[in-house]
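Comments concern the structure below.
Just the heavy atoms: all of them, side chains too, but no hydrogens, waters or symmetry mates, feed the values below. Because the structure is predicted, anything quoted here is derived from the model rather than measured. Chain identifiers are assigned alphabetically (A, B, ...) following the order of the sequence lines, protein sequences preceding nucleic acid strands; residue numbering begins at 1 within each chain.
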Amino acid sequence: MNIYNDFNAFIKTVIEELQSIDKLPPDSLIDNISVDPPRQTTHGDLACNAAMVLAKKLKQDPISIAKVLSERIISHPDVEKVDIAGPGFLNITLKRTVWHDQLRKVLIAGESFGDSEIGRGKSINVEYVSANPTGPLHVGHARGAVFGDVLSSLLAKTGYSVTREYYINDAGAQIDILARSLYWRYCEKLGQENYEKPDGFYPGEYLVDLAAKLVIKDQKHWLDKSESEWLPKLSSYAVDEMMKLIRQDLSDLGVEQSTFISEKSIVESGMVETVLNMLSENGLIYTGVLDPPKGMKPENWEERPQTLFRSTAFGDDIDRPLKKSDDSWTYFASDLAYHLDKYKRGFTNLVNVWGADHGGYIKRVQAGVSALTEGNVKLDVKLCQLVRLLENGEAAKMSKRAGTYVTISELVDSVGRDVVRFIMLTRKNDAQLDFDIIKAQEQSRDNPVFYVQYAHARSCSVVRMAKDAFNDQSFDYKSLQKSDLSLLSGFDELALIKLIALWPRVVEMASEAQEPHRIAFYLNDLASSFHSLWSKVREDESFRFVVTDDLELTQARLSLVCGLRTVISSGLKVLGVEPVEELRG
RNA sequence: GCGCCCGUAGCUCAGCUGGAUAGAGCGUCGGCCUUCUAAGCCGAAUGUCGCAGGUUCGAAUCCUGCCGGGCGCGCCA
């Protein structure tokens, strides 16, 4: 809960009260009523649209409704005054003590200030990264990894029980190619040139390394064996080793997932057959022929009958094949099995984080999931647009096939984990992101993470100065909680407190919208507001935080500084970024 | 051809799920270091919110149709 929600609830009870004594007609719809911080500070602390919403429903003048409401609202102990403005806004100004109390709450609660209960009792499964285990991760994966990780933290902070999951696509044709590529490198290492380079060969250096490892492990054992002998062994060996690489990359990024689900084991468990049977029983499976997509040149297009899922019955554009022409399952079929598996593990809230190139896949999976779970599952798919990696303005290629992509470990090595994580959240997930390695190293205002870190470091610095000046321990959180916060009465000080007090609302809204970037933007605003207050001292000495002849005032101001520090630190924690106490040695 | 995403200041982007006079950063111009850290701050200039309709007290936000850009479209995952 936060102030805005509290007042929203309060105003709704006011309306119900007024209805019960016939001051307002019953059955007025109150769902769309909102209480928000107004854009303009001159409009008070809270803006409520209740009168206008009711006016629409009741076909009455909003101003007169507002008058009736305001008479009741003014009696709330926290309210200083209520203005009726514009087309019928209720602009509520709160007493200063409300804001002082908010700040005290921060000092008492520490980093748990901002925690919320909106997800209490709900579990949610967030699946992210899920890159094919055919090589190390590149920067495109990093975005999804950070996004999924921070979204998970955000959901956890708002009370959800979160499962962070990775789906290992270890069962498809690409894994065979991986094994053949490894085998080719293995032959190469042993000086045998007669094994032909496989189609779709993975050229990356990492397979050279892995082949060398394999030679040490098994020596020439596989050289004169047939593919049917080595393929299964090398496949699982390669997948295991690739997952080690990937987990290392994720760990470098500070991303820890708790659950890894193997596609292969899902398929081997017979879950795909279960899916087919379930859909069949509901008459959703038939054998049919798909039309070629219009507007595309149908090269190599052959009409062929396929086993199709009637996904159009659930809003998809065309029905989707579950079997390939060689009678093996399509990826879609095993993916449905995987989602059924999630359901059987008890999840009804699912979030999938995908690259934007998988956008065309959403409808069919949602169709499949609602068919298999009778609509009991809510599946949200969050698409992350690709990252354009720039280096002095030039775009670096990220093609896994070409083997020239920039890996996560290279990126983390050059700019640092915290910078990577923060910058990945400086854009909404569905907007393209330019990541300039040079700027990210610059450590300037161009680099938002430093701006926020700087505010945090300054807040730490001022506490150190205060301790020096007073030569005692009056500035720990316990002492500050008891300080006289009413001494914080300046316009800028109150503005900063109000921004700090906004934190719980930012957390809740970001969680509900599943938009972790809002945290990064908020932290930027908060840092800006603090830097601004910090610099006020240049025009006016009275803005000094540390007032050497006034312990009480210093404690009050340090309370504000520590409140800010707590919220920044708490926000950075959600982002998985380490707050620093000093930027200069 | 169909589906999804995007179009907001010169550039890169926010815009709190329909609110009041649309905001930041960069860039441009002009100020602030005998300093609680100038990796910072302050001020100025800059807009047909792609276009045209519609919904209503009220639209950058919702609906429809165009224009422009990106992604995807059976036997890849």
Side-chain angles (χ1 to χ4, degrees), chain A residues 4 32 34 36-40 43 47 49 52 55-56 61-62 85-89 91 130-132 134 169 171-175 200 263 289-296 298 301-304 306 308 316-318 320-321 323-328 330-332 334-335 355-363 383 385-386 426-428 430-432 434 442-448 450-451 453-455 457-458 461-466 468-469 502 505-506 509-510 512-513 517-518 521-522 524-525 528 531-539 543-548 557 561 582-584:
Chain A
Y4 307 92
N32 294 328
S34 65
D36 302 301
R39 195 164 14 218
Q40 293 238 309
H43 290 150
N49 63 356
M52 291 176 293
K56 175 181 264 179
D61 172 31
F89 283 104
N91 289 337
S130 298
N132 294 336
T134 55
N169 299 128
Q174 301 213 30
I175 298 304
E263 179 187 4
V289 177
L290 289 176
D291 292 331
K294 283 169 188 164
M296 287 181 69
W301 182 271
E302 293 172 35
E303 289 199 344
R304 65 169 63 85
Q306 288 175 299
L308 298 174
D316 200 2
D317 309 310
I318 57 169
R320 304 292 177 174
K323 282 191 170 186
K324 303 179 195 170
S325 53
D326 68 358
D327 218 37
S328 64
T330 57
Y331 177 77
F332 176 53
S334 60
D335 208 16
D357 53 340
H358 290 62
Y361 202 73
I362 297 175
K363 278 188 183 175
L383 294 182
Q385 275 288 350
L386 298 182
T426 53
R427 293 285 177 274
K428 211 163 37 180
D430 53 14
Q432 271 199 13
D434 288 345
E442 255 174 26
Q443 308 201 346
S444 67
R445 188 71 180 81
D446 283 344
N447 196 344
F450 281 94
Y451 187 71
Q453 291 281 29
Y454 189 32
R458 273 181 157 175
S461 160
V462 79
V463 174
R464 284 194 301 268
M465 298 300 291
D468 275 0
L502 198 60
R505 176 182 156 96
V506 170
M509 298 193 81
E512 279 176 339
H517 75 277
R518 293 189 193 191
F521 279 89
Y522 168 76
N524 198 68
D525 288 350
S528 174
H531 286 309
S532 176
L533 179 60
W534 179 282
S535 302
K536 279 272 192 286
V537 74
R538 294 193 178 281
E539 321 163 359
F543 279 99
R544 198 163 288 275
F545 290 118
V546 180
V547 186
T548 45
R557 290 188 172 169
V561 170
E582 241 175 324
L583 286 173
R584 285 177 186 164

Report which part of the nucleic acid A:A55 touches: base, sugar-phosphate, or nothing (heavy-atom distance under 4.0 Å, all strands).
nothing
A:D357 near the nucleic acid: base, sugar-phosphate alone, or nothing, with a heavy-atom cut-off under 4.0 Å?
sugar-phosphate
Looking at the side chain of A:W534, which of B:C36, B:G1, B:G19 is the nearest nucleotide?
B:C36
With both distances under 3.5 Å as the test, what is the Watson-Crick or G-U wobble partner of B:C13?
B:G23
Contact under 4.0 Å: A:R538 side-chain N or O vs B:C41 OP1/OP2:
no
According to the interplanar angle, ranging from 0 to 90°, do the rings of A:H531 and A:Y451 count as parallel (below 30°), tilted (30 to 60°) or perpendicular (above 60°)?
tilted
Using a 4.5 Å cut-off on heavy atoms from C-beta on, say whether the side chain of A:S325 contacts that of A:R304.
yes
Quick one: which of B:U17, B:C76, B:A14 gets closest to the side chain of A:R505?
B:U17
Heavy atoms only, 4.0 Å cut-off, all strands: where does A:D316 land among base, sugar-phosphate and nothing?
nothing
Go ahead and name the base partner of B:U55; Watson-Crick or wobble counts if both distances stay under 3.5 Å, otherwise write none.
none
Given B:A77, B:C57, B:G72, which nucleotide is nearest the side-chain atoms of A:K324?
B:A77
Is the phosphate of B:U37, meaning OP1 or OP2, less than 4.0 Å from a side-chain N or O of A:S461?
yes
Could you tell me how far B:C62 sits from B:C16 if I compare only their P atoms? Round to whole Å.
10 Å
Between B:C13 (C1') and A:K428 (NZ): distance, integer Å
9 Å
Looking at every strand, decide which applies to A:A455 at a 4.0 Å heavy-atom threshold: base, sugar-phosphate, or nothing.
nothing
I want to verify a distance call: between B:G72, B:G74, B:U17, whose nearest atom is closest to the A:P321 side chain?
B:G74
For atom P, what is the distance between B:G7 and B:U61, given to the nearest Å?
11 Å
Syn or anti for B:U17, taking syn as within 90° of 0?
syn
Using both distances under 3.5 Å as the test, list the Watson-Crick or G-U wobble partner of B:C66, or none.
B:G50
Can you check the A:Q40 CD to B:G15 P distance for me, whole Å?
20 Å
Looking for any heavy atom pair under 4.0 Å, which part of the strands does A:A47 touch: base, sugar-phosphate only, or nothing?
base
Residue whose nearest RNA chain B nucleotide is more 5′ - A:N524 or A:E263:
A:N524
Take atom P in B:C2 and the same atom in B:G68, then report the distance between them in whole Å.
14 Å
Does B:U37 have a Watson-Crick or wobble mate here (both distances under 3.5 Å), and if so which one?
none
Quick one: A:D61 CG to B:C57 C1', roughly how many Å, whole number?
10 Å
Sugar-phosphate only, base, or nothing, as touched by A:A431 at under 4.0 Å among non-hydrogen atoms:
sugar-phosphate
At 4.0 Å (heavy atoms only), tell me whether A:F521 reaches a base, stays on the sugar-phosphate, or touches nothing.
sugar-phosphate
Any side-chain heavy-atom pair of A:R464 and A:E582 under 4.5 Å:
yes
Are the side chain of A:T330 and the backbone N or O of A:P321 linked by a donor-acceptor pair below 3.5 Å?
yes
On the side chain of A:H517, is there an atom forming a donor-acceptor pair with the base of B:A14 - under 3.5 Å, no angle test?
no
Euclidean distance, atom CG of residue A:D430 to atom P of B:U17 [Å, nearest integer]:
17 Å
In whole angstrom, what separates A:Y451's OH from B:G40's P?
8 Å
Roughly how far apart are A:L386 CG and A:D357 CG, rounded to 0.5 Å?
6.0 Å
Pairing partner (Watson-Crick or G-U wobble, both distances under 3.5 angstrom) of B:A44
B:U28
Are the charged groups of A:R505 and A:D36 less than 4.0 angstrom apart, N to O?
yes
Pairing partner of B:C73 (Watson-Crick or G-U wobble, both distances under 3.5 Å)
B:G1
Provide the distance between the two P atoms, one in B:U28 and one in B:G3, to the nearest whole Å.
45 Å
Go nucleotide by nucleotide along RNA chain B from the 5' end; which of A:K536 and A:S325 gets its closest nucleotide reached first?
A:K536
Using atom NZ of A:K363 as one end and atom P of B:C71 as the other, report the distance to the nearest whole Å.
19 Å
Rounding to a whole Å, what distance do you find between A:L386:CG and B:C5:P?
17 Å
With respect to the side chain of A:R427, which nucleotide from B:C41, B:A77, B:A14 is positioned closest?
B:A14
Quantified in whole Å, what is the P atom distance between nucleotide B:U34 and nucleotide B:U21?
44 Å
Please confirm whether the backbone N or O of A:T134 pairs with a side-chain atom of A:N132, one donor and one acceptor, at under 3.5 Å?
no
P atoms of B:G69 and B:U64, separation to the nearest Å:
22 Å
Quick one: is the NZ or CZ of A:R557 closer than 6.0 Å to the six-membered ring centre of A:F545, and within 45° of its axis?
no
Between P of B:C2 and CD1 of A:I362, the distance in whole Å:
20 Å
With respect to the side chain of A:S535, which nucleotide from B:G40, B:U37, B:A77 is positioned closest?
B:G40
If you only use heavy atoms from C-beta on, which nucleotide in B:C41, B:C5, B:C16 is closest to the side chain of A:M509?
B:C16
B:C51 and B:A60, which share atom name C1', separated by this distance in whole Å
14 Å
Between B:U46 and B:G1, how far apart are the two C1' atoms, rounded to whole Å?
42 Å
Is there a donor-acceptor contact under 3.5 Å linking the side chains of A:Y454 and A:R458?
yes
Between B:A14, B:C42, B:G74, which one does the side chain of A:R304 approach most closely?
B:G74
B:C42, B:G74, B:A77: which one has an atom nearest the side-chain heavy atoms of A:L290?
B:G74
Can you figure out which of B:G3, B:C36, B:A77 approaches the side chain of A:R544 most closely?
B:C36
